[in-house]
Amino acid sequence: SYIPDKFVLGISKLQRVADWVSQRFFLQEDLTRKLYEAVAEAAQTESVYVGLFNMVHGCESMRGAKSNDGSFTSEYYGGRFTDPELRKQIRS
């Protein structure tokens, strides 16, 4: 989610940004921040919220335990999304 400032992005632009960023080789822990940075730059606003929910951790599923049962959540936000009530509205 993001709160527009000067630019409004269509859903297809957000999808292209997410596809472009997620095809790079980032650790899952860094992916959320990179998505935030890309959307913030494209929309030229700091008020961006990125949440990845129920993700399977690559190291856990491909190496070591080789488990697909675990999941993790990662969030990164800035601007007006530092308000916990606003984030709560987005997640519901």
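FYI, the numbering just counts along the sequence from 1. Below, all heavy atoms of this structure are taken into account, side chains as well, without hydrogens, waters or symmetry copies.
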I want to check something: taking the side chain as every heavy atom from C-beta on, are [X] and [Y] in contact at a cut-off of under 4.5 Å?
X     : Y     : result
Trp20 : Leu35 : no
Val39 : Thr45 : no
Thr73 : Leu52 : no
Val48 : Val50 : yes
Glu46 : Tyr77 : no

message: Using 0.5 Å steps for rounding, measure from the OH atom of Tyr76 to the CG atom of Leu31.
response: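 Between atom OH of Tyr76 and atom CG of Leu31 there are 13.0 Å.
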- prompt: Roughly how far, to the nearest 0.5 Å, is the CZ atom of Arg33 from the CD atom of Glu37?
  reply: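 It is 5.0 Å, given to the nearest 0.5 Å.
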message: On a heavy-atom basis, which atom in Ala42 and which in Val17 lie closest, and how many Å separate them?
response: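 Looks like CB-CG2, 4.5 Å.
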Is a side-chain donor or acceptor of [X] paired with a backbone partner of [Y] at a separation under 3.5 angstrom?
X     : Y     : answer
Arg87 : Phe81 : yes
Ser22 : Ala18 : yes
Ser47 : Arg80 : yes

message: According to a hydrophobic-cluster definition based on side-chain heavy atoms being under 4.5 Å apart (Ile, Leu, Val, Met, Phe, Trp, Tyr only), do Leu9 and Tyr36 belong together?
response: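 Both belong to a single hydrophobic cluster.
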task: Would you kindly confirm whether Phe53 and Leu86 end up in one hydrophobic cluster when ILVMFWY residues are joined by side chain heavy atoms under 4.5 Å apart?
output: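 In one cluster with Phe53: Leu86, yes.
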field: Any pair counted as side-chain hydrogen bond (donor to acceptor under 3.5 Å, both in side chains), so long as it reaches residues 3-17, sequence neighbours left out
entry: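 Found Gln15-Asp19.
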field: From CA spacing to verdict: side-chain contact (heavy atoms from CB on, under 4.5 Å), Val8, Tyr2
entry: CA-CA 9 Å; Val8 175; Tyr2 77 101; 3.9 Å; yes
message: Please enumerate all residues that pass salt bridge (charged side-chain N to carboxylate O under 4.0 Å, His left out) together with Arg91, with sequence neighbours excluded.
response: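 So Arg91 forms a salt bridge (charged side-chain N to carboxylate O under 4.0 Å, His left out) with Glu75.
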